[in-house]
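Since the structure comes first, as structure tokens, the remarks are kept for the end.
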Amino acid sequence: MVRRLAIPFGKEQGATLMVWLVALGITVLFLWLLSDVIWQGGQAINGAFLTQAPIKAGLEGGIAPILVSTGLVLGVCMGVSLPLGLGTALFLTEFSPQRSHQAIRLSLDILAGVPSIVFGLFGNAFFSKVLGLGFSILSGGLTLACMVLPILIRSIQVGLVNVPHEYRQAAAALGLSRLGTLKTLILPAALPGIAVGILLGIGRAIAETAALIFTSGYVDRMPTSLLDSGRVLSIHIFDLAMNIPGGEQNAYGTALVLVILLIVINTLVSWFAERFRQSKLQIL
Amino acid sequence: MTSPTLSPPSFTADHHQPPSVRVENLSLRYGRKMAFANVDAQFRAGQITALIGPSGCGKTSFLSCLNRLHELTPKAQLSGQVYLNNCDTATIPLTPLRRQVGMLFQKPNPFPLSIYRNLAFPLKEHGICDRTLIHHIIETTLTDVGLWAEVKNRLKAPALSLSGGQQQRLCLARALALKPRVLLMDEPCSALDPLSSEVIEDLILRLKGTYTILIVTHNLGQASRIADDVAFFWVQHDVGQLVEFGPAKDIFAHPKDPLTAAYVSGRRG
Ligand SMILES: Nc1ncnc2c1ncn2[C@@H]1O[C@H](COP(=O)(O)OP(=O)(O)OP(=O)(O)O)[C@@H](O)[C@H]1O
Ligand SMILES: [Mg+2]
């Protein structure tokens, strides 16, 4: 790259330089953000921070119940949205007539763009009030599931559509059942796409604040059931940073935990998806 | 490249007689576009029929109607009838129909599974679950296509690690393992080097009599070497037509239609 810059400038080199600069800028921005969080948050994190309950609204103590609530909300969200999303995507790509797709795709894209606060209000009205779940981890998780579903469906759909047509053709010509083909060939081949969908979904769910304020609530006690209210990491960060004077330190600490959690989940999901695909398929 | 050992093919055992394939007034359209229209023909049982003609005249489309593979294309609309012996294929459920009518594609398309599973997976799907039986079928069909000696020590290796010619023979074995009675081949040698295509060509000749074979080819030499009958397609008014159909030697030596004469002598197409 350095050598290239030394060459007298042509159009080609100018464009290359621009691209490199943009890439560099984004990397720097990301590293700056990350190092800021690590620098400031690293001082807050220790064993006690992860295992203790918050004291004085989080000014002291740790985030143990908040971690648990986050896990539960995320679990409810993915547990509900993943089977629904996979089923819908499979139905759309493999079983339904092509004609209905345009309308469904359009509504999914619109839904994916709806601000999360709207989902929050809907969740509050429907899950909390109509279904009587109140402020609870369950209504929070279900609201997030609605929010994540469009993203999940669209990315799983892309993964399925990208599976080479020859597999289906070859399987059909051998008279193989659609279900068998799906299980043995299509799903494993679509797995990387499905993993991307799951990651996008988790990413959106774990960072969500607005939708959860109205549904799973603020309570920072250790939840004892899914019907308890529970505070998630992002809300804790928001509360510490905005409402508690002197809470920045622990807000950064919590943010660092959130970032680490995201990285860990990312790595795990990608790794499992790739392992599973390789154990099922032998692609060179 | 070793040519397959010429032992008597094992697939002749416990095999029914191959059926004749008859089409009546067959037409296929993709939306507004007519691929071919009004084809009437009877393909003789156990014989090799070559389908020849210029690009885009509907040969692939025609083949895909015989095992109803055109149904994978949502906008494809078929009219007319296809009969196996005297049984209308529209009345046969897809699974048994496609088991009886095997197909080989232009581009070798093994599954991204191991060599072994490429054959075992379809067998299991068709309800053959006995492991020793599966193994027996795999060994005999791979032997029939002359692949056994080459792969017997690496059955667990990815099928995609085979050469193009080997992959095509694997696909042929995959089709044969299901004991079809008709074989459709869409330019099975066109993606292969001359040696590999010679191997496939020899295989096809050995399959004659046991299967009713329809093979699309752009290679007129190949058609004259292996075919008993030849069907010549041509595009007229943007629609594929069956222009002439008859014994290979007549088509090549005394074509009745001037278009056929021009095409087989290499003047057009
Ligand atoms: N899926 C499809 N959708 C729309 N039109 C199609 C489709 N498949 C084929 N056609 C059209 O139908 C006509 C016949 O195509 P087909 O592939 O059967 O020709 P072919 O004789 O096999 O040609 P080639 O020798 O190049 O393989 C062509 O005009 C093609 O454009
Ligand atoms: Mg073709």
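Here is the naming used below: chain letters follow the sequence lines, and residue numbers restart at 1 for every chain. What you see below is based on every heavy atom in this structure, not just the backbone, and it leaves out hydrogens, waters and symmetry mates. Quick caveat, the model's predicted, so the values are computed rather than measured.
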Where do [X] and [Y] come nearest, in terms of heavy atoms and distance?
| X | Y | answer |
| --- | --- | --- |
| L72(B) | Q169(A) | CD1-CA, 3.8 Å |
| P122(B) | L174(A) | CG-CD1, 4.0 Å |
| M103(B) | A173(A) | CB-CB, 4.2 Å |
| F105(B) | A170(A) | CE1-CA, 4.3 Å |
| Y167(A) | F111(B) | O-CE2, 3.8 Å |
| A172(A) | R98(B) | O-CD, 2.8 Å |

Is it true that, when you exclude [X] itself, more than 12 heavy atoms of the residues, nucleotides or ligands shown sit nearer than 6.0 Å to its [atom1]?
| X | atom1 | result |
| --- | --- | --- |
| Y30(B) | OH | yes |
| R275(A) | CZ | no |
| Y83(B) | OH | yes |

Could you look at [X] and say if it's the side chain, the backbone, both or neither that has a heavy atom under 4.5 Å from chain A?
| X | result |
| --- | --- |
| K107(B) | side chain |
| P74(B) | side chain |
| N109(B) | both |
| R68(B) | neither |
| L113(B) | both |

> Got a second to check how far R178(A)'s CZ is from L94(B)'s CG, nearest 0.5 Å?
Replying inline: 10.0 Å

>> Please evaluate residues R117(B) and T184(A) with respect to the criterion side chain to side chain contact (heavy atoms under 4.5 Å, CB included), reporting the C-alpha separation (whole Å), side-chain torsions for both, the decisive distance (0.1 Å), and the verdict.
In response: CA-CA 10 Å; R117(B) 287 242 289 150; T184(A) 313; 3.9 Å; yes

> Non-hydrogen atoms of chain B under 4.5 Å away: do they reach the side chain of L281(A), the backbone, both or neither?
Replying inline: both

>> Please classify the contact of A171(A) with chain B as side chain, backbone, both or neither, using a heavy-atom distance under 4.5 Å.
In response: both

> L185(A) versus P112(B): any side-chain heavy-atom pair under 4.5 Å?
Replying inline: yes

>> Just so I understand: if I count every heavy-atom pair under 4.5 Å between each of L176(A), L179(A), T181(A) and chain B, which residue has the most?
In response: L176(A)

